[in-house]
Amino acid sequence: MPRTVLEAEAIQDELRPLLDLTGPGPRDPARIAGVDVAYDGDRLAAAVTVLDGTTLEVVEEVAVHGRVAFDYVPGLLAFRELPALLDALDRLSALPDLVVCDGYGLAHPRRFGLACHLGVLTGLPAIGVGKTAFVGTYDEPGPERGSWSDLRLDGDVVGRVLRTRDGVKPVFVSAGHRVDLDTACHNVLNLTLRYRLPETTRAADRLSRRMLTENCRPGLMGSERHDEMG
DNA sequence: GCGACAG
DNA sequence: ATCTTGTCGC
């Protein structure tokens, strides 16, 4: 774990060459994971929620407790959230086919946002879905669900501003690892049949908050249902 | 130089 | 991220 901004940025530059940007990535993933982290002072809870790619039903979920080990610095979000997220991902019974991150991927000052970092470290296909603008310029996409516009940074298209619901504020989609932008947006639209944000993100957000609030066994919480027989 | 800045 | 009431709308 880096201890300074400079160290962290160096790590990003070091890992960036490991990115797999040769598309297209999973168009019909069977298991899609959503990840999110909730905070309370220096306490945090990281959650991973896996949905069935077809029914969008939650098929597995894991949440873990942790401590903030890196202050939030724009551009270095991964160092704050990744340790706990990797911990939670390790506890899944089966690997997901796609991970939807809360934040950015290639749309990043050094082209290595949370979704890229998580993807490289786990080897899993990953994409980023941000709720607000971070980097880049763009034109407002059309008002209907499905319309989008390029998110550009220094002349490169680094992501897409995608309208997931009619007349509702768009989200910022970018590729992370082993998924191209088209496939990323395709998946995001499949995950937003009812709300602006992907069901994966919503489920992970709820779980992480619950983990923080409830007095559960320090360590974990999840769908490792302890068969309560008898 | 100053302000903005994922979560 | 988090602090926070009411309010407009389906």
Side-chain angles (χ1 to χ4, degrees), chain A residues 1-2 5 8-9 11-12 15-16 33-49 63-89 99-121 126-138 143 145 151-154 156 158-162 164-177 181 184-185 188 192-198 200-213:
Chain A
M1 175 67 50
V5 167
E9 292 178 343
I11 290 175
Q12 294 182 323
L15 295 177
R16 180 165 152 38
V35 296
D36 194 25
V37 180
Y39 302 87
D40 175 32
D42 63 335
R43 287 206 319 132
L44 65 78
V48 178
T49 305
V64 301
H65 281 301
R67 289 277 168 192
V68 171
F70 201 90
D71 287 329
Y72 172 68
V73 177
L76 302 179
L77 177 65
F79 295 98
R80 182 175 171 80
E81 310 210 322
L82 223 36
L85 288 178
L86 294 177
D87 184 2
L89 282 166
V99 180
V100 179
C101 299
D102 213 338
Y104 285 64
L106 285 180
H108 177 277
R110 284 169 300 284
R111 308 297 198 277
F112 201 73
L114 174 64
C116 297
H117 206 143
L118 184 149
V120 165
L121 263 42
I127 65 174
V129 180
K131 297 181 284 291
T132 61
F134 176 37
V135 291
T137 58
Y138 61 93
R145 162 181 158 83
L151 178 60
R152 289 199 183 74
L153 181 60
D154 304 323
D156 302 326
V158 294
R160 214 169 266 183
V161 183
L162 177 67
T164 55
R165 299 291 297 160
D166 287 359
V168 168
K169 201 212 298 187
V171 297
F172 299 77
V173 181
S174 54
H177 184 59
L181 197 46
C185 288
V188 170
T192 51
L193 268 34
R194 203 176 151 81
Y195 300 97
R196 178 174 84 112
L197 298 178
T200 39
T201 300
R202 291 168 45 77
D205 180 83
R206 286 192 301 268
L207 179 57
S208 63
R209 289 175 192 279
R210 207 190 319 146
M211 180 69 170
L212 213 50
T213 299

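Note that this is a predicted model, so its numbers are computed, not measured. Heavy atoms only: backbone and side chains are in, while hydrogens, waters and symmetry mates are out. In what follows, chains carry the letters A, B, and so on, assigned in the order in which the sequence lines appear, proteins first and then strands, with residues in each chain numbered from 1.
For A/Tyr138, the ring-ring contact (aromatic ring centres under 6.0 Å, His included) partners are A/Phe172, not counting sequence neighbours. Contacts of A/Arg209 classified as side chain to side chain donor-acceptor pair (under 3.5 Å), with partners at least two apart in sequence or in another chain: A/Asp205. Every residue was checked against the salt bridge (charged side-chain N to carboxylate O under 4.0 Å, His left out) condition with A/Asp36, not counting sequence neighbours, and none meets it. Not counting sequence neighbours, A/Arg202 has no partner by the side chain to side chain donor-acceptor pair (under 3.5 Å) test. In this view, A/Asp166 satisfies the salt bridge (charged side-chain N to carboxylate O under 4.0 Å, His left out) rule with no residue, not counting sequence neighbours. Evaluation of the salt bridge (charged side-chain N to carboxylate O under 4.0 Å, His left out) rule for A/Arg194 yields no partner, not counting sequence neighbours.
Sorted by first and then second residue, the salt bridge (charged side-chain N to carboxylate O under 4.0 Å, His left out) pairs involving residues 69-84 of chain A (not counting sequence neighbours) form an empty list.
Protein chain A touches strand DNA chain C; the 5'-most and 3'-most nucleotides with an atom under 4.0 angstrom of its non-hydrogen atoms are C/dA1 to C/dT2.
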Secondary structure of DNA chain B in dot-bracket form (Watson-Crick or G-U wobble, distances below 3.5 Å, | marking inter-strand pairs): .......
With 3.5 Å as the limit, what N/O pairs link the protein to nucleotides 2-7 of chain B?
from	atom 1	to	atom 2	distance (Å)
B/dA6	OP2	A/Tyr72	OH	3.0
B/dA6	N7	A/Gly75	N	3.1
B/dA6	N6	A/Gly75	O	3.1
B/dA6	N6	A/Leu76	N	3.4
B/dA6	N6	A/Leu77	N	3.2
B/dA6	N1	A/Leu114	N	3.2
B/dA6	N3	A/Tyr104	N	3.0
B/dG7	OP1	A/Lys131	N	2.8
B/dG7	OP2	A/Thr132	OG1	2.9

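Contacts with DNA chain C (heavy atom under 4.0 Å) in residues 40-47 of chain A: none are found.
Annotated stems with DNA chain C as a participant are lacking; only runs of 3 or more Watson-Crick or G-U pairs under 3.5 Å would qualify.
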